[in-house]
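Encoded as structure tokens, the structure appears first; notes follow it.
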Amino acid sequence: MTKIIITGSKGRMGRTLIACASGLPECQVVGQVDQGDDLRSVIEQGDVVVDFSSHSATLDIVALCAEHKKALVIGTTGHSDEGKSQIAEFKSRVPIVLSSNFSTGVNTLFWLTRKAAEILGPRFDLEIIEMHHRLKRDAPSGTAKTLAAILAQVRKQQLENVVRHGRAGIVGERTAQEIGVHSVRGGDIVGDHTVVFAGVGERLELTHKASSRETFANGALRAAQWVVKQPPGLYDMLDVLGLE
Ligand SMILES: NC(=O)c1ccc[n+]([C@@H]2O[C@H](COP(=O)([O-])OP(=O)(O)OC[C@H]3O[C@@H](n4cnc5c(N)ncnc54)[C@H](OP(=O)(O)O)[C@@H]3O)[C@@H](O)[C@H]2O)c1
């Protein structure tokens, strides 16, 4: 039985996690922490903290997990590069799964995106389009950033030098190096991501569409059960799924 504490428990993901965990005999939610609650008062009751709160909360949560030797699953997105580096500093003390997307389908998309970029090579132009509900606070999505990072890594580019967020005005011809990232917001879209490989005479598009938050919640609960058995380190969902 994996004992789980959820931070961000009253949010959209927090509520979905609680609902999904209630159907899993191998998981038990022993703590629910939201804005104004004190994680310190419940942390000893759990084996693992599952964080879907706010990027501004994550660092304190990681530090507390390290202090109490508790594993951690981080689903919260919107961290800066510096914020991610600060989280990574704790990897020698506790096992952490950090993933911008816990769905099995999206992690398969990550894997396929790497393969497609390797196979198609530099003659194909790369663009990413993501769509989310109108209440999402960060843009582009963490998943779109991960996809862009994978593409840049395959092309041996520094992402910050080649990423292009939207286009407006007389922007000139597209360069071969750039990786376009476009965020669409509206309604109740749970999360769509498309990677476009646009060549001359053909185009390949890889698309994933999430229709329910349960896919993220079930993935995060799977990660929680996996991470409690791991040595200290920084892992992602590809590690959990054995896709690396
Ligand atoms: N990795 C994935 O697969 C995945 C999937 C979906 C979403 N996400 C990410 O998960 C995060 C949450 O998404 P959501 O849609 O559930 O957002 P949400 O509905 O806004 O829920 C976040 C909850 O966390 C609470 N919170 C804020 N600061 C806190 C703190 N310091 N301590 C404890 N709780 C705090 C919020 O309270 P207030 O509203 O009062 O501030 C809110 O109840 C976002 O970063 C989102 O991008 C990741």
Side-chain angles (χ1 to χ4, degrees), residues 1-35 37-55 57-79 83-84 87-88 90-108 110 142-143 146 190-191 210 212-244:
M1 170 75 74
T2 308
K3 292 183 181 162
I4 295 173
I5 295 169
I6 296 170
T7 51
S9 58
K10 291 184 183 162
R12 287 175 287 267
M13 277 305 301
R15 283 176 277 137
T16 311
L17 281 159
I18 292 163
C20 289
S22 69
L24 294 175
E26 59 275 24
C27 289
Q28 187 188 2
V29 176
V30 296
Q32 299 181 23
V33 177
D34 204 87
Q35 194 80 268
D37 301 327
D38 186 7
L39 174 59
R40 193 176 284 277
S41 66
V42 290
I43 194 160
E44 270 310 319
Q45 294 166 33
D47 304 315
V48 52
V49 173
V50 176
D51 174 46
F52 280 83
S53 59
S54 159
H55 66 278
T58 307
L59 201 56
D60 286 347
I61 294 169
V62 189
L64 200 62
C65 285
E67 190 185 323
H68 289 262
K69 298 278 174 236
K70 301 294 177 185
L72 180 62
V73 172
I74 303 172
T76 303
T77 62
H79 306 106
K84 281 188 193 156
I87 292 168
F90 289 90
K91 69 181 179 192
S92 59
R93 297 173 63 189
V94 277
I96 303 167
V97 177
L98 172 65
S99 177
S100 57
N101 198 306
F102 282 94
S103 104
T104 308
V106 160
N107 282 277
T108 307
F110 291 156
T143 305
T146 304
V190 173
S212 149
R213 286 188 181 82
E214 287 180 19
T215 182
F216 310 129
N218 284 323
L221 293 170
R222 181 168 170 174
Q225 292 170 75
W226 180 87
V227 75
V228 293
K229 299 183 201 125
Q230 305 308 315
L234 185 62
Y235 306 97
D236 63 19
M237 196 56 189
L238 293 174
D239 295 311
V240 176
L241 297 172
L243 282 175
E244 283 296 22

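These numbers were taken from a predicted model, which means no experiment stands behind them.
Side chains of T146 and N101: a donor-acceptor N/O pair is absent below 3.5 angstrom, by distance only. T77 and S100 are not linked by any side-chain donor-acceptor pair at a separation below 3.5 angstrom, with hydrogens and angles left out of the test. For the residue pair T76 / D51, a side-chain donor-acceptor distance below 3.5 Å is found, with atom types taken as modelled.
For CD of Q225, the number of neighbouring non-hydrogen atoms (other residues, nucleotides, ligands) closer than 6.0 Å is greater than 12.
Taking OG1 of T7 as the start and CE of M13 as the end, the distance is 11.5 Å to the nearest 0.5 Å. Atom-to-atom distance recorded for Q32:CD and L39:CG is 13.0 Å, nearest 0.5 angstrom.
Side chain of R15 to backbone of K10: a donor-acceptor contact under 3.5 angstrom is found. With hydrogens and angles disregarded, a donor-acceptor distance shorter than 3.5 Å links the side chain of D37 to the backbone of D34. N218 places a side-chain N or O within donor-acceptor distance of the main-chain N or O of E214, the cut-off being under 3.5 Å. T215 places no side-chain N or O within 3.5 Å of a backbone atom of S212 that could act as its donor or acceptor partner. Of the possible polar contacts, none joining the N107 side chain to the F110 backbone as a donor-acceptor pair under 3.5 Å is found.
Counting heavy atoms from C-beta outward, I18 and S22 have side chains that stay 4.5 Å or more apart. For the pair D38/S41, a side-chain contact is recorded, criterion being any heavy-atom separation below 4.5 Å from C-beta on.
Evaluated for a side-chain contact (heavy atoms from CB on, under 4.5 Å) with L221, the options V73, V29, T2, L24 yield exactly one hit, L24. In summary, of the residues considered (I61, V33, V50), a side-chain contact (heavy atoms from CB on, under 4.5 Å) with I5 occurs for V33 alone. Here the options are L241, D239, V48, the test is side-chain contact (heavy atoms from CB on, under 4.5 Å), and the partner is W226; only D239 passes.
Heavy-atom minimum distance, H79 versus T58: NE2-OG1, 2.8 Å. Nearest approach of A224 to I4, heavy atoms of both residues: CB-CD1, 4.1 Å. The nearest pair of heavy atoms linking G75 to F102 is CA-CE1, 3.5 Å. Residue M1 comes nearest to C27 through the heavy atom pair SD-C, 3.6 Å, listed as atom of the first residue, atom of the second, then distance. Between K70 and V94, the shortest heavy-atom distance links the atoms O-CG1, 3.4 Å. Taking each heavy atom of R213 and V190 in turn, the nearest pair found is N-CG1, 4.1 Å.
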Using the side chain to side chain contact (heavy atoms under 4.5 Å, CB included) rule, take I87 and I74 through it: C-alpha gap first, then chi angles, then the decisive distance, then the call.
-> CA-CA 10 Å; I87 292 168; I74 303 172; 3.8 Å; yes
Run the numbers on V227 and L72 for side chain to side chain contact (heavy atoms under 4.5 Å, CB included), then give the verdict.
-> CA-CA 7 Å; V227 75; L72 180 62; over 6 Å; no
Does the pair L17 and F52 meet the rule for a side chain to side chain contact (heavy atoms under 4.5 Å, CB included), with working shown?
-> CA-CA 9 Å; L17 281 159; F52 280 83; 3.5 Å; yes
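Listed by chain and residue number, A66, K69, F90 satisfy the side-chain contact (heavy atoms from CB on, under 4.5 Å) test with R93 (two or more places apart in sequence, or in another chain). Residues passing the side-chain hydrogen bond (donor to acceptor under 3.5 Å, both in side chains) test with S9: none are found, sequence neighbours excluded. Remark: K3 engages Q28, V30, D47 in a side-chain contact (heavy atoms from CB on, under 4.5 Å) (not counting sequence neighbours).
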